[in-house]
Amino acid sequence: MVASVRPADFGAYWKAVDDELARYPAAPELEELPRHSTDFGTVYALKLTSIGPYRIFGYYCVPRGEGPFPGLLYTPRYGSVNHIPSYYDRERYAVLQIMHRGQRLADQPFAAAYPGLLTHDIADPGRYVYRGIVADCVRGLEFLLSRPEVDRERIGVVGDDLALLVAARRPAVAALQASNLLLYRLLGAAERSDEYPVEEVNDYLRAYPERREAVACTLAYFDPLHHVPDIRATTLLCVGDPGALGGPEWLAPLRAALGGTVEEYRLTHEGGVDRDWLDAWLARRLGVEPRPLMWATRG
Amino acid sequence: MQQVRQPADQYRTKTIRPPDFDQFWAEIMAAAAEIPLRPSLEHVPMRSTDQVDVYEIGYDSLDGLRIAGWYCVPKESYLPPPYPGLLIVPGYISEPTLPKSWAKLGYAAVGVAPRGKLRSNRHFNPGYPGLLVHNIVDRHTYAYRGFYVDACRAVDFLLTRPEVDHGRIGVHGSSQGGALTVVTAALRADVITCGAAGAPFLCGFLDAIALTHSYPYEEIVEYLRRHPEREPLVRETLMYFDVINFAPMIRCPMLIYIGLADDVCPPETGYALYHALACPKELLAYPRCAHDAGSYWAMPKVKAFLAEHLKPAGVPR
């Protein structure tokens, strides 16, 4: 079993990231995308500067009418593409989907490789690609906080480990949903799985076995286990099957470490049930109506 | 407010099969067949294991495009050849997987990146959103013309490999991968032994855009909102690419699995596809499941179905 140990300079490492982020103005550019806008909301292409400096991208969608609206940040998935926020989210929230550096629309000059991103410069905490990726997501939340149409008391974040890290770095978040964690206990997960993207770590360590300690050192800065005590939001942790990666035993240390109120949702494997339940939970927390249930069939 | 819908299995699709559908695709496939495949294969030691060798592959396709993929094959010391071939086709926004886990089961497996995907997008990159409506008013240049052919030519790649049993080649994918599974089984009906398609996308385009607000189908809604006068051209183009219209061409056994609460690929369109299949077929329809298409329960059945027809050495029988 691989234990993730909080580095002694953990606080200094992340303060340096915050300082670097503060050094660069976000310099937001918003441009309406008429093709994607509707009669109930406007969709914008958003560009922001993050650390590096690096220009990142987001889809920012604002309902028409009187605000302020609850804000919602979707942190990026692990993959090259993120969709424009869903129709139902755009009706109810000022919602931002960030593309971190390397993903499509934020892939100049750096285009992420899949597989490859997860281990990009993983042996050096100062250069590991996720240092910038976390900063990109934090910058997204800062953007939401800067918007007059967003109710700063009602901001939600949805995603994987990145959502946890963002909410920990900027405790202005009211509601947080986390699922499909990737950076949490990653070396331990790699010992139990040969599925990508986790398998990227196994590939890397097969090629560079002598770097195992350095990899462990880097990953410790990004393990949400060491970030979540700073979270003040109400957190909904999505939990998988007992005994599985992502199951209750696996997540128990994280749950125990989480600051703020914690709730658990046991995923059902029935995607429609999970979708509707998670949507209703977030809607309740942020003071909007849940999306319509998808189906009632006649006959 | 809850939407009230007829039971999905009773839905009648609006999809029409054009009289020259077969001829349209026969001409495209004939043109593709004239293009030398020029397959390339480069070993990737970093991703290989004691059991599986991983290769980056490439081949030529329509319009002079070079298509990339991953090829994962059991090491001879782990399992001796010949191996059944398995084509794994990707979803709309996902990158192709390295099908190592399939190779561990005894398949010589290709994960293909059709045009526009990373590593196949140097000369064609309409983006996401973008691909679904790229040249959607012209069937001769619509994005999926080449995209479908790229997937089919991954089968040709497998046929170049001496370690592959050419009499045992299957195809599997979900969402857009489900669509490509059906298309490949149809256009390469001479070769494909079986196919397993989950939550099939690109079925009943015109039905789907009225049944869901989810991307990627929402791209078409947005396009038509901006260009309503182009609706007849869009309708005409899509008839030639509707996966339901490929279904009657398939001769091999097919397994289809869908979620009855799928808001991305509406289950009505999955049923329409299933009804159009004239081959040996099975449908797994999971209540309360969404675009996951009940994969938790379906995947063991998919693996058993593929193993039954393709007989990989790594799967006990």
Side-chain angles (χ1 to χ4, degrees), chain A residues 33-39 43 59 77-88 90-91 104-105 107 111-117 119 193-197 199-200 202-208 240-241 267-276 289 291-299, chain B residues 1-8 10 44-50 52 54 70 92-98 100-101 104 117-119 121 125 127-129 133 212-216 218-219 221-223 225-227 259-263 266-267 286-297:
Chain A
L33 299 171
R35 172 177 289 189
H36 303 302
S37 295
T38 61
D39 55 359
V43 179
Y59 286 115
R77 61 189 278 273
Y78 189 80
S80 64
V81 177
N82 297 288
H83 276 308
I84 296 171
S86 79
Y87 183 92
Y88 296 107
R90 283 150 52 187
E91 282 185 319
R104 280 181 189 261
L105 304 173
D107 56 357
Y114 297 93
L117 181 74
T119 58
S193 174
D194 60 1
E195 295 293 328
Y196 286 96
E199 177 71 357
E200 290 186 34
N202 292 323
D203 290 345
Y204 187 90
L205 292 175
R206 258 194 319 275
Y208 307 105
D241 288 342
L267 295 164
T268 65
H269 301 293
E270 294 181 334
V273 172
D274 295 343
R275 174 194 60 215
D276 292 339
E289 289 293 313
R291 68 182 273 174
L293 293 177
M294 287 306 298
W295 271 275
T297 52
R298 183 187 297 131
Chain B
M1 197 178 80
Q2 208 165 31
Q3 301 171 55
V4 177
R5 288 157 73 151
Q6 297 298 322
Q10 294 175 20
V44 185
M46 181 176 176
R47 309 268 175 223
S48 300
T49 68
D50 292 344
V52 174
V54 176
W70 300 103
Y92 189 71
I93 62 170
S94 59
E95 298 309 324
T97 45
L98 271 74
K100 272 161 80 170
S101 55
K104 275 176 74 174
K117 294 277 181 198
L118 293 186
R119 302 183 306 128
N121 61 359
N125 196 9
Y128 302 89
V133 294
T212 181
H213 287 302
S214 295
Y215 289 100
E218 188 70 2
E219 290 184 35
V221 175
E222 292 173 345
Y223 183 90
R225 198 166 52 227
R226 298 272 291 168
H227 308 290
L260 295 183
D262 188 344
D263 60 337
Y286 293 96
R288 299 177 297 281
C289 290
H291 202 49
D292 56 294
S295 62
Y296 179 76
W297 297 279

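Chain identifiers are assigned alphabetically (A, B, ...) following the order of the sequence lines, protein sequences preceding nucleic acid strands; residue numbering begins at 1 within each chain.
Across Ala111(A), Pro115(A), Ala113(A), Ala112(A), the residue that shares the most heavy-atom pairs under 4.5 angstrom with chain B is Pro115(A). Taking Ala207(A), Pro34(A), Ser86(A) one by one and counting their heavy-atom pairs under 4.5 Å with chain B, the maximum is reached by Pro34(A). Residue with the most contacts toward chain A among Ile93(B), Thr49(B), Asp292(B): Ile93(B) (heavy-atom pairs, distance under 4.5 Å). The greatest number of non-hydrogen atom pairs below 4.5 Å with chain B, out of Asp194(A), Val273(A), Val81(A), Asn202(A), is found for Val81(A). Contact count versus chain B (heavy atoms, under 4.5 Å) is highest, among Glu289(A), Glu270(A), Arg77(A), Arg206(A), for Glu270(A).
Under the rule for a side-chain hydrogen bond (donor to acceptor under 3.5 Å, both in side chains), the partners of Tyr215(B) that lie at least two apart in sequence or sit in another chain are Arg90(A), Glu222(B). With sequence neighbours left out, the side-chain hydrogen bond (donor to acceptor under 3.5 Å, both in side chains) criterion links Thr268(A) to Asp274(A).
Neither the backbone nor the side chain of Tyr78(A) comes within contact range of chain B, judged by heavy atoms closer than 4.5 Å. In this structure, no portion of Pro197(A) lies under 4.5 Å from any heavy atom of chain B. If you measure heavy-atom distances from Arg104(A) to chain B, the contacts under 4.5 Å come from the side chain alone. Contacts of Arg226(B) with chain A are made by side-chain atoms alone, with heavy-atom separations under 4.5 Å and no backbone atom involved.
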Check against side chain to side chain contact (heavy atoms under 4.5 Å, CB included), Tyr296(B) and Asp241(A): CA-CA 11 Å; Tyr296(B) 179 76; Asp241(A) 288 342; 3.4 Å; yes
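With hydrogens and angles ignored, the 3.5 Å screen pairs a side-chain donor or acceptor of Arg225(B) with a backbone N or O of Ser37(A).
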